[in-house]
J.: 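Here it is: the structure, laid out below.
Please read these numbers as outputs of a predicted model, since none were measured by experiment.
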Amino acid sequence: MTKQIIEVPVLSAAVRALGVPLSLVTKGAGLVFVSGTPPLDLATGKLVKGDIEVQTEASLKAMRHCLEAAGSSLENVLMVRIYAANAGFYNAINRVYARHFPENPPSRTFVPVASWPMEFDIEIECLAVA
(Lines give C-alpha, C1' and ligand atoms only; values in the text may rest on other atoms or scores of the structure.)
Protein backbone atom coordinates (compact mmCIF):
# COMPACT_ATOMS: atom_id res chain seq x y z
CA MET A 1 0.00 0.00 0.00
CA THR A 2 1.29 3.47 -0.83
CA LYS A 3 1.14 6.58 1.29
CA GLN A 4 -2.10 8.53 1.01
CA ILE A 5 -2.38 12.20 1.95
CA ILE A 6 -5.74 12.95 3.57
CA GLU A 7 -7.30 16.36 2.96
CA VAL A 8 -8.88 17.53 6.22
CA PRO A 9 -11.74 20.00 5.70
CA VAL A 10 -10.75 23.55 6.72
CA LEU A 11 -7.63 22.52 8.66
CA SER A 12 -5.44 21.34 5.75
CA ALA A 13 -5.99 24.64 3.96
CA ALA A 14 -5.23 26.57 7.16
CA VAL A 15 -1.90 24.76 7.58
CA ARG A 16 -0.99 25.33 3.93
CA ALA A 17 -1.79 29.04 4.34
CA LEU A 18 0.76 29.20 7.17
CA GLY A 19 3.39 27.81 4.82
CA VAL A 20 4.18 24.85 7.09
CA PRO A 21 5.57 21.96 4.99
CA LEU A 22 3.52 19.06 6.34
CA SER A 23 0.39 17.03 5.77
CA LEU A 24 -1.94 16.94 8.73
CA VAL A 25 -2.88 13.33 8.05
CA THR A 26 -1.19 10.52 6.15
CA LYS A 27 -2.48 7.01 5.79
CA GLY A 28 -0.71 3.81 4.86
CA ALA A 29 -0.17 0.17 5.84
CA GLY A 30 -3.52 0.17 7.63
CA LEU A 31 -2.52 3.07 9.89
CA VAL A 32 -3.44 6.74 10.19
CA PHE A 33 -0.81 9.27 11.30
CA VAL A 34 -2.05 12.64 12.58
CA SER A 35 0.59 15.37 12.79
CA GLY A 36 0.93 17.45 15.92
CA THR A 37 -2.32 19.37 16.05
CA PRO A 38 -2.47 22.68 17.88
CA PRO A 39 -5.76 24.15 19.13
CA LEU A 40 -7.38 24.88 15.76
CA ASP A 41 -10.95 26.04 15.28
CA LEU A 42 -12.77 23.54 13.06
CA ALA A 43 -14.84 26.23 11.32
CA THR A 44 -12.12 28.79 10.61
CA GLY A 45 -8.78 26.99 10.94
CA LYS A 46 -7.55 29.78 13.20
CA LEU A 47 -5.83 29.18 16.55
CA VAL A 48 -8.15 28.93 19.53
CA LYS A 49 -7.13 31.23 22.37
CA GLY A 50 -7.74 30.49 26.04
CA ASP A 51 -6.36 28.66 29.04
CA ILE A 52 -4.77 25.23 28.72
CA GLU A 53 -8.09 23.40 29.19
CA VAL A 54 -9.70 25.39 26.35
CA GLN A 55 -6.67 24.76 24.14
CA THR A 56 -6.57 21.05 25.01
CA GLU A 57 -10.24 20.65 24.14
CA ALA A 58 -9.69 22.40 20.80
CA SER A 59 -6.61 20.28 20.01
CA LEU A 60 -8.44 17.04 20.78
CA LYS A 61 -11.46 18.09 18.71
CA ALA A 62 -9.13 18.96 15.81
CA MET A 63 -7.35 15.62 16.19
CA ARG A 64 -10.71 13.80 16.13
CA HIS A 65 -11.68 15.78 13.02
CA CYS A 66 -8.44 14.68 11.35
CA LEU A 67 -9.05 11.04 12.25
CA GLU A 68 -12.60 11.16 10.93
CA ALA A 69 -11.41 12.70 7.65
CA ALA A 70 -9.24 9.59 7.26
CA GLY A 71 -12.10 7.22 8.07
CA SER A 72 -10.89 6.46 11.60
CA SER A 73 -11.91 7.56 15.11
CA LEU A 74 -10.69 8.15 18.65
CA GLU A 75 -11.62 4.54 19.45
CA ASN A 76 -8.96 3.38 16.96
CA VAL A 77 -6.11 5.44 18.43
CA LEU A 78 -3.07 3.37 19.40
CA MET A 79 -0.66 6.08 20.58
CA VAL A 80 -0.88 9.75 21.53
CA ARG A 81 1.90 12.27 22.11
CA ILE A 82 1.08 15.48 23.91
CA TYR A 83 3.52 18.38 23.64
CA ALA A 84 2.91 21.15 26.18
CA ALA A 85 4.67 24.44 26.78
CA ASN A 86 4.65 23.89 30.53
CA ALA A 87 4.93 20.65 32.54
CA GLY A 88 2.67 22.31 35.11
CA PHE A 89 -0.24 21.90 32.68
CA TYR A 90 -0.14 18.11 33.16
CA ASN A 91 -3.15 17.77 35.52
CA ALA A 92 -5.36 20.22 33.62
CA ILE A 93 -4.60 18.46 30.32
CA ASN A 94 -5.40 15.09 31.93
CA ARG A 95 -8.83 16.34 33.06
CA VAL A 96 -9.78 17.22 29.49
CA TYR A 97 -8.04 14.22 27.92
CA ALA A 98 -9.92 11.77 30.19
CA ARG A 99 -13.25 13.01 28.79
CA HIS A 100 -12.15 12.08 25.26
CA PHE A 101 -10.69 8.69 26.25
CA PRO A 102 -12.93 7.59 29.15
CA GLU A 103 -12.28 3.84 28.72
CA ASN A 104 -9.32 1.84 27.44
CA PRO A 105 -7.16 4.90 26.69
CA PRO A 106 -4.33 4.52 24.17
CA SER A 107 -0.64 4.53 24.99
CA ARG A 108 0.55 8.07 25.61
CA THR A 109 3.63 10.21 26.05
CA PHE A 110 3.68 13.69 27.60
CA VAL A 111 6.50 15.94 26.42
CA PRO A 112 7.18 19.40 27.88
CA VAL A 113 8.64 21.74 25.23
CA ALA A 114 10.23 25.16 25.39
CA SER A 115 8.10 27.04 22.87
CA TRP A 116 6.61 27.20 19.37
CA PRO A 117 6.87 29.89 16.72
CA MET A 118 3.12 30.56 17.12
CA GLU A 119 0.92 31.43 20.09
CA PHE A 120 -0.38 28.18 21.55
CA ASP A 121 0.53 25.99 24.52
CA ILE A 122 -0.31 22.48 23.33
CA GLU A 123 0.00 20.26 20.29
CA ILE A 124 -1.27 16.67 20.12
CA GLU A 125 -0.35 13.94 17.62
CA CYS A 126 -1.55 10.37 17.30
CA LEU A 127 -1.28 7.07 15.49
CA ALA A 128 -4.46 5.08 14.82
CA VAL A 129 -5.71 2.03 13.02
CA ALA A 130 -7.33 3.01 9.72
J.: To the nearest 0.5 Å, how far apart are CZ in Phe33 and CD1 in Ile6?
T.: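 With rounding to 0.5 Å, CZ (Phe33) is 12.0 Å from CD1 (Ile6).
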J.: Please check if the side chain of Ser12 supplies one atom and the backbone of Val10 the other of a donor-acceptor pair under 3.5 Å.
T.: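 Side chain of Ser12 to backbone of Val10, a donor-acceptor pair under 3.5 Å: no, none is there.
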J.: Output yes when a side-chain donor or acceptor of Lys27 lies under 3.5 Å from a complementary backbone atom of Ile5, and no otherwise.
T.: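 No; judged by distance alone, with no hydrogens or angles, the pair does not exist.
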J.: Is the backbone of Ser23 close enough, under 3.5 Å, to the side chain of Ser35 for a donor and an acceptor to pair up by distance?
T.: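 Here the side-chain-to-backbone pair exists.
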J.: Less than 4.5 Å apart, side chain to side chain, heavy atoms only: is that true for Ile82 and Tyr97?
T.: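 Counting from C-beta outward, Ile82 and Tyr97 do come under 4.5 Å.
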J.: What do you reckon, is NZ of Lys49 surrounded by more than 12 foreign heavy atoms closer than 6.0 Å?
T.: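 Yes - once you tally the heavy atoms of other residues, nucleotides and ligands closer than 6.0 Å, there are more than 12.
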J.: In Å, rounded to the nearest 0.5 Å, how long is the span from CZ of Phe89 to CG of Asp51?
T.: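 If we round to the nearest 0.5 Å, Phe89:CZ and Asp51:CG are 8.5 Å apart.
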J.: Using the rule that Ile, Leu, Val, Met, Phe, Trp and Tyr join whenever any side-chain heavy atoms are under 4.5 Å apart, tell me whether Phe120 and Leu40 fall into a single cluster.
T.: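 Yes, Phe120 and Leu40 fall within the same hydrophobic cluster.
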J.: Rounded to the nearest 0.5 Å, how far does CD1 of Ile122 lie from OG1 of Thr37?
T.: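 Answer rounded to 0.5 Å: 10.5 Å.
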J.: Treat each ILVMFWY residue as a node, draw an edge where side-chain heavy atoms are under 4.5 Å apart, and state whether Leu31 and Met63 are in one component.
T.: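 Result: no, two separate clusters.
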J.: Got a second to check how far His65's NE2 is from Leu24's CG, nearest 0.5 Å?
T.: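 Rounded to the nearest 0.5 Å, the NE2-CG separation comes to 9.0 Å.
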J.: What salt bridge (charged side-chain N to carboxylate O under 4.0 Å, His left out) pairs are there with at least one residue in residues 72-95, not counting sequence neighbours?
T.: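 Sorted pair list: Glu53-Arg95, Arg81-Glu125.
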J.: Sequence neighbours left out, cut at 3.5 Å: what donor-acceptor pairs do the side chains of residues 106-117 make with other protein atoms?
T.:
residue, atom, partner, partner atom, Å
Arg108, NH1, Asn94, OD1, 2.9
Arg108, NH2, Asn94, OD1, 2.7

J.: Can Ile124 be reached from Val96 by stepping across I, L, V, M, F, W or Y side chains whose heavy atoms are under 4.5 Å apart?
T.: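 Val96 and Ile124: one cluster.
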J.: Quick check on side chain to side chain contact (heavy atoms under 4.5 Å, CB included): which of Ser73, Cys66, Cys126, Ser72 does Val32 satisfy it with?
T.: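 Passing option: Ser72.
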J.: With sequence neighbours excluded, tell me which residues meet side-chain contact (heavy atoms from CB on, under 4.5 Å) with Asp41.
T.: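 By the side-chain contact (heavy atoms from CB on, under 4.5 Å) rule, Asp41 matches Ala43, Thr44, Val48.
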J.: Closer than 3.5 angstrom, by distance alone: can the side chain of Gln55 be matched with the main-chain N or O of Pro39 as a donor-acceptor pair?
T.: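 Side chain of Gln55 to backbone of Pro39: no pair is present.
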J.: Is there a continuous path of hydrophobic side-chain contacts, each under 4.5 Å between heavy atoms, that joins Leu67 to Leu42?
T.: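 Shared cluster, yes.
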J.: Identify the heavy atoms of Ala92 and Ile52 that sit nearest to each other, and give their distance.
T.: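 In terms of heavy atoms, the two residues are closest at CB-CG2, 3.6 Å.
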J.: Rounded at 0.5 Å granularity, tell me how far OG in Ser59 sits from NE2 in His100.
T.: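 Interatomic distance, Ser59 OG to His100 NE2, rounded to 0.5 Å: 10.0 Å.
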J.: Using every non-hydrogen atom in the two residues, find where Leu60 and Phe101 come nearest and quote the distance to one decimal.
T.: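 Nearest pair, atom of Leu60 first, then Phe101: CD2-CE1, 4.3 Å.
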J.: Does Val129 share a hydrophobic cluster with Leu127, counting links as ILVMFWY side-chain heavy atoms below 4.5 Å and allowing steps through other members?
T.: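 Yes.
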